[in-house]
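Below: one structure, written as structure tokens.
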Amino acid sequence: ETMPFFNQESLQQRLQALIDGARESWAYAIFWQSSVVDFASQTVLGWGDGYYKGEEDKNKRRGSSSSAANFVAEQEHRKKVLRELNSLISGVQASAGNGTDDAVDEEVTDTEWFFLISMTQSFVNGNGLPGLAMYSSSPIWVTGTEKLAASQCERARQAQGFGLQTIVCIPSANGVVELGSTELIFQSSDLMNKVKYLFNFNIDMGSVTG
Amino acid sequence: ADLPIARRNSLTRFLEKRKDRVTSIAPYQI
């Protein structure tokens with residue numbers, strides 16, 4: 001059962017407060033909520049809530065490795081998925097030219113897509129960046145394309161593939177707060193303090209993993 | 001239809017916000 005402190009409305013406000021007022025340009029914030037899977041006695045981090053802000057200049061990050069043909073094909077795939085999701089949420093049958101699909105015809109950026117596919121992911125305690133942060137009870141801060149690409153965590157490599165340059169996972173009371181950016185953002189105590197304040201958790205500042 | 005509630009809420013919010021953004025910039029794309 002979700003505690004009142006972590007109800008979804010409250011979570012959304014906290015995630016929004018975390019990045020809307022920040023000096024740095026974060027593209028998104030996600031709260032991975034921990035729960036125990038009874039049959040396996042394992043802690044699993046699943047989607048709690050997320051706030052998507054977007055990048056400052058989306059044109060800057062376009063199609064890092066793909067050709068024009070691949071880009072078009074990938075966009076078609078993303079738009080198709082978005083159309084189906086729109087249909088699922090609104091209950092209106094998806095079809096090209098439908099007024100409700102206007103937003104789908106706009107390019108689906110890499111960060112938007114990364115945020116969307118994040119909703120399908122979960123992490124067993126100790127696995128992936130969020131799981132590792134939870135397991136070690138210490139924040140993980142990865143800055144730079146090379147470091148993300150060289151990470152042992154699939155999520156970090158996936159983030160790099162979608163143009164992110166910074167990803168941070170900070171453990172909190174019953175989950176992990178993750179932030180991502182297409183900019184290079186270096187470790188700051190400001191963010192840690194903000195998470196500590198908003199998500200009510202004592203972080204050992206000396207134990208941040210680079 | 002059987003999306004967990006947290007994901008459904010997040011997805012709804014994300015899609016609505018995207019729709020607002022696209023609608024607000026559309027007149028300038030002519």
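Pairing each heavy atom of R7(B) with each of Q121(A), the nearest pair is NH2-O, 3.9 Å. Between A6(B) and G48(A), the shortest heavy-atom distance links the atoms CB-O, 3.4 Å. Listed here is the closest heavy atom pair of V108(A) and R18(B): CG2-NH2, 3.6 Å. Residues L88(A) and R8(B) come closest through the heavy atom pair O-NH2, 3.4 Å. The shortest non-hydrogen separation linking K17(B) to Y52(A) is NZ-O, 2.5 Å.
In this structure, the side chains of Q12(A) and N9(B) stay at 4.5 Å or more apart for every pair of heavy atoms.
Across D49(A), L116(A), L11(A), a single residue satisfies side chain to side chain contact (heavy atoms under 4.5 Å, CB included) together with S10(B), and that is D49(A).
For the atom pair CD1 (I89(A)) and CG (L11(B)), the distance works out to 4.5 Å, reported to the nearest 0.5 Å. Of the inter-residue distances, the one linking Q16(A) atom CD with R13(B) atom CZ reads 8.5 Å to the nearest 0.5 angstrom. Rounded to the nearest 0.5 Å, atoms CD (E112(A)) and CG (L15(B)) are 10.0 Å apart.
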